[in-house]
Amino acid sequence: MQQPHEPPAQQPPGCGKHVPGGGHAGGCGGAIPKGPVVCSTVCGNPYAGLVSHLRAAWLSGKTRPLEYRLAQLEALGRFLEEKKQDILEATALDMGKPSFEAYFTEILLCKNELNNTLNNLSHWMKDEHVDKNLVTQLDSAFIRRDPYGVVLIIAPWNYPIHLFLVPLIGAIAAGNCVVVKPSEIAKNTERLVAEVLTCYLDSDCFAVVTAGVQETTRLLENKFDYIFFTGSPSVGRIVMTAAAKHLTPVTLELGGKNPCYVSDTCDVQNVARRVAWGRFFNAGQTCIAPDYILCSVEMQDKLMPALREAITEYFGPNPQESPDFARIVGDKQFRRVRALLCSGRVAIGGQTDEKERYIAPTVLADVQPSDPAMQEEIFGPILPIVVVADMDEAIDFINARPRPLAVYAFSCDSKVVNQVLERTSSGSFCGNDTLMQVTLTSLPFGGVGNSGLGKYHGKFTFDTFSQHRGCLHRNMGLEAINSLRYPPYNQQKLGLMTATFEIKRKGMCTLL
């Protein structure tokens, strides 16, 4: 996921439907509702008025009731249903995304997240009552999930609807007001979101800001109560630095080089089909795609014809003519990915067309750890194969590098898969397949270390955007119980306090 690099044309500064920097805070076709919105000439920051307006709405308590949250979530469902064709067309224009892939990732998976949230929100919002000690048995102790307040969601370009909408679902469900910043690199999708999303959501509480690098830097100067960023580790550090100035908590969904170990005991044809699908889906522009294969030289020789067969089955003899193969999103990204083709030797594919931003599904053999393709996340349709002697060497190779967003392992021996799982660390893991772990709303999705911070999907998204507030509501009477903790202190009081507050190890007994 690359840093935005080309700001879009902006509206003239001022207060109106388009706030300074290209933000959309008003309803469809209307001006910003009345409220504490101030212009950049007064506050010094072009987005301060917008953030202030949303904060006033949040402080009013408008977003807290269950009924309000459900209504806004239902509106997102109408957005997905009514603008389905527009979404398919916009993603096709931005990166040649096949309609099948666009529907599956940008619409179906988003609907799943939305329906799962609608089905469970009333339960998620209930106070969670917790265990109590002897002193508090007659009191109420519980965890309340409070909204953070005004949150910022910064989305990338590779899945430009999914990667802002899924966190938005959780942010709304948790009762927050939200500023959404879609990627300016996926220009057509950005325009669609900016023009249409605000027609569905309450403009007092939700806004879309269109911004390039400079404008986003100014946006980040404002105090948000939570920031959710998806993108590259380098930009993630910038976001985290900006958040630290206000002690704002963050979720960083980043990337990395996801290893895929293939053992000598596996079904080669099935491995090739599943790896090729995961690597070349969306032309490789997927943060959890298998980034490289680790296998023995014997398995490399077996995999090569199987991968060639799978690629031909999926995309035909000339993938450039296939309607099922996407394109690289921009010229800068195309040139960066093309430069990686010099690594190892091209065993399959390797063809490019700069005018179409086309890079063929490519497999590189005999790649060395020092080659360019192994120095950065590829984020394109190139699959390097690095030869290792055995599983132990593969695990050492993985552990010698920053922890990835995903680790994949293929073997007919479940002990091998479990060994890779137990001896490595990553945001997620999938045995004998690729990508499929993200289709489950019941599993958390997120990175660790260099690949990210925090998690979401399903209830995890709701919890991410909720402040877990520890609450104890005590009885006003029974003051005699409390007298044990008041001065003047003595040994008898300490003994009674110990007996009523102490937590003992299970299985231990006290001899009297």
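Counting only N and O atoms by type, the side chains of Asn475 and Asp139 include no donor and acceptor under 3.5 Å apart. With 3.5 Å as the limit, one finds no donor-acceptor pair spanning the side chains of Glu215 and Tyr47. For Thr91 and Asp94, the side-chain atoms include no donor-acceptor pair closer than 3.5 Å. Side-chain N/O atoms of Tyr226 and Thr251 include a donor and acceptor closer than 3.5 Å. Donor-acceptor pairing under 3.5 Å is recorded for the side chains of Tyr486 and Glu479. Side-chain atoms of Asn120 and Asn116 include a donor-acceptor pair closer than 3.5 Å. If you check the side chains of Asn282 and Asn158, you find no donor sitting under 3.5 Å from an acceptor. Arg474 and Asn482 are linked by a side-chain donor-acceptor pair at a separation below 3.5 angstrom, with hydrogens and angles left out of the test. Remark: the Glu221 side chain and the Asn45 side chain contain an N/O donor-acceptor pair separated by less than 3.5 Å. Side chains of Thr230 and Tyr159: a donor-acceptor N/O pair is absent below 3.5 angstrom, by distance only.
Under the side chain to side chain contact (heavy atoms under 4.5 Å, CB included) criterion, Ser140 pairs with His129, Phe142, His473, sequence neighbours left out. By the salt bridge (charged side-chain N to carboxylate O under 4.0 Å, His left out) test, Lys62 pairs with Asp202, Asp204, sequence neighbours left out. Listed by chain and number, the residues in a side chain to side chain contact (heavy atoms under 4.5 Å, CB included) with Arg274 are Asn270, Phe410, Asn432, Asp433 (sequence neighbours excluded). Taking the side chain to side chain donor-acceptor pair (under 3.5 Å) definition, one finds that Asp392 meets it with Arg423, sequence neighbours left out.
Glu106 and Lys97 are joined by a salt bridge, as a carboxylate oxygen and a charged side-chain nitrogen come within less than 4.0 angstrom of each other. Glu376 and Lys257 are not joined by a salt bridge, as no carboxylate oxygen comes within less than 4.0 angstrom of a charged side-chain nitrogen. No salt bridge links Lys187 with Glu190; every basic N to acidic carboxylate O contact stays at or beyond 4.0 Å. In summary, Lys111 and Glu81 engage in a salt bridge, as defined by a charged side-chain N under 4.0 Å from a carboxylate O.
For the pair Arg64/Pro147, a side-chain contact is recorded, criterion being any heavy-atom separation below 4.5 Å from C-beta on. Side-chain contact between Gln437 and Ile288 is present, with at least one heavy-atom pair separated by less than 4.5 Å. When side chains are defined from C-beta on, Met240 counts as touching Leu252, because their heavy atoms get closer than 4.5 Å. Val209 has its side chain out of reach of Val180: every pair of non-hydrogen atoms, C-beta onward, lies at least 4.5 Å apart. Side chains of Phe501 and Leu134 form no contact here, defined as non-hydrogen atoms less than 4.5 Å apart.
No donor-acceptor distance shorter than 3.5 angstrom exists from the side chain of Arg469 to the backbone of Arg145, with no hydrogens or angles considered.
For residues 223-240, the salt bridge (charged side-chain N to carboxylate O under 4.0 Å, His left out) pairs, not counting sequence neighbours, are Arg55-Asp225.
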Under 3.5 Å, sequence neighbours excluded: what are the donor-acceptor pairs made by side chains of residues 164-179?
unit_1: Asn176; atom_1: OD1; unit_2: Tyr148; atom_2: N; d: 2.8
unit_1: Asn176; atom_1: OD1; unit_2: Gly149; atom_2: N; d: 2.9
unit_1: Asn176; atom_1: ND2; unit_2: Ala171; atom_2: O; d: 3.1
unit_1: Asn176; atom_1: ND2; unit_2: Phe465; atom_2: O; d: 3.0

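The minimum heavy-atom distance linking Asp291 with Phe379 is given by the pair OD1-N, 4.5 Å.
Interatomic distance, CG of Leu73 versus CD of Glu113, reported as 11.5 Å (0.5 Å rounding).
Proximity of the aromatic rings of Tyr456 and Phe228 is defined here by a centroid distance below 6.0 angstrom, and this criterion is met. Taking the six-membered ring for Trp, Trp58 and Tyr68 have ring centres at least 6.0 Å apart.
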